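Notes for the one structure printed next.
Each ligand, and each atom within it, is numbered from 1 in the order the structure gives. Bear in mind the structure is a predicted one, so any value in this text is a computation, not a measurement. The analysis underlying the following values was restricted to heavy atoms, covering all of them including side chains, and did not include hydrogens, waters or symmetry mates.
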Amino acid sequence: MQLLYRAKSGERVAALFEDLSEVIMRLVAILMNIAPYGVFALLATLFTTVSIETFGNLIIYFLVVFFVLIGHALITYPLILKLLTGLNPFIFLKKMRDAAIFAFSTASSNATIPVTLETATRKMGVKNSIASFTVPLGATINMDGTAIMQGVATVFIAQVFSQDLTLADYVTVVLTATLASIGTAGVPGVGLIMLAMVLQQVGLPVEGIALIIGVDRLLDMTRTAVNVTGDSMVGIIVAKSEGQFDNDMYLDAEAGNKIEEIDFHHLKD
Ligand code: ASP
């Protein structure tokens, strides 16, 4: 009887969370439907207030951030991996594909945690004891892509507002962008909100963010893919240094792609 009562109360709690999740999903759906009109309105004001020259600059800003992000993922990470672990970086990049695509389409490091964990533990050979710590931690504080965007965006906004940055300002930008990226939540668009902190540190108007908001979505998707790639790379380095790394799994191109056979026979007994 008591057991029955417990099960029921547990069910009620579960039902409450299910209801809450449904309400939140509904709110998100409403927001997603309204968002295009909001962005249209933002861009409309932008089109009427800034010159055509600024748009040319905006395209250059976009391209600079985009290519630096790609360079960071394809050059910096593989290089660090090779130097610190001696592993073949091409295998790493190939195995990162699914997680990077998932991160790109969701623009959220947090939403990608299950895929990053799966990639790290079943494809790359990082033991679960390490991955279950480094991956969620990385998705929360390790955001190189976001820091890159914030640095370039600050310089871009300073140029639009014709404000000269001194060497000390550049150092401040580097430091605060690193701090702001650590404070950025792993959900879409937060990097842009945290950019306000960097701008304030060097005396730039926060309104400058409106200039880049229109092109930020695609950059957000790209930097999230870079962020999760960094998390996996750090996971491998830590696992290797702790002796918690399966080298054979890393070298096995098919690792993680095989269908697992689960033996249910013992359940019959
Ligand atoms: N969307 C990014 C992430 O989840 C954070 C950001 O830069 O806005 O990694």
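Proximity of Met149 to ligand 1, defined as any heavy-atom pair under 4.0 Å, is not found for any part of the residue. At a heavy-atom distance under 4.0 Å, no atom of Ser181 approaches ligand 1. At a heavy-atom distance under 4.0 Å, only backbone atoms of Val187 (N, CA, C or O) approach ligand 1.
With hydrogens left out, the protein atom closest to atom 1 (N) of ligand 1 is Asp220 OD1, 2.7 Å, a heavy atom. Counting protein heavy atoms only, atom 8 (O) of ligand 1 is closest to Gly191 N, 2.8 Å. Summary of contacts: the protein heavy atom closest to atom 3 (C) of ligand 1 is Ser109 OG, 3.3 Å. What sits closest to atom 2 (C) of ligand 1 on the protein, heavy atoms only, is Thr224 OG1, 3.3 Å.
The distance from ligand 1 to the heavy atoms of Ser108 drops below 4.0 Å at these ligand atoms: 4 (O). Applying the 4.0 Å criterion to heavy atoms of Thr146 picks out, from ligand 1, the atoms 5 (C), 6 (C), 7 (O). Per-residue contacts place Ala185 under 4.0 angstrom from the following atoms of ligand 1 (heavy atoms of the residue considered): 5 (C). The contact set between ligand 1 and Ala107, taken as ligand atoms under 4.0 Å from a residue heavy atom, comprises 1 (N), 4 (O). Close approach of ligand 1 to Gly189 is summarised as follows: ligand atoms under 4.0 Å from at least one heavy atom of the residue are 8 (O).
With Ile237 as the fixed residue, the side-chain contact (heavy atoms from CB on, under 4.5 Å) test singles out one of Leu87, Leu84, Leu83: Leu84.
Taking OG from Ser181 and CG from Asn142, the interatomic distance works out to 8.0 Å, rounded to the nearest 0.5 Å. Residue Ile182 holds its CD1 atom at 6.0 Å from CD1 of Ile141, rounded to the nearest 0.5 Å. Atom-to-atom distance recorded for Gln159:CD and Asn57:CG is 8.0 Å, nearest 0.5 angstrom.
For the residue pair Met149 and Leu192, the shortest heavy atom distance occurs at CE-N, 3.9 Å. Summarising the geometry of Met124 relative to Phe245, their closest heavy-atom pair is O-CE1, 3.1 Å, with the distance given to 0.1 Å.
Two residues are said to be in side-chain contact when any heavy atoms from C-beta on lie closer than 4.5 Å; Val126 and Gln244 fail this criterion.
Between the side chains of Thr224 and Asn227, no donor N or O sits under 3.5 Å from an acceptor N or O.
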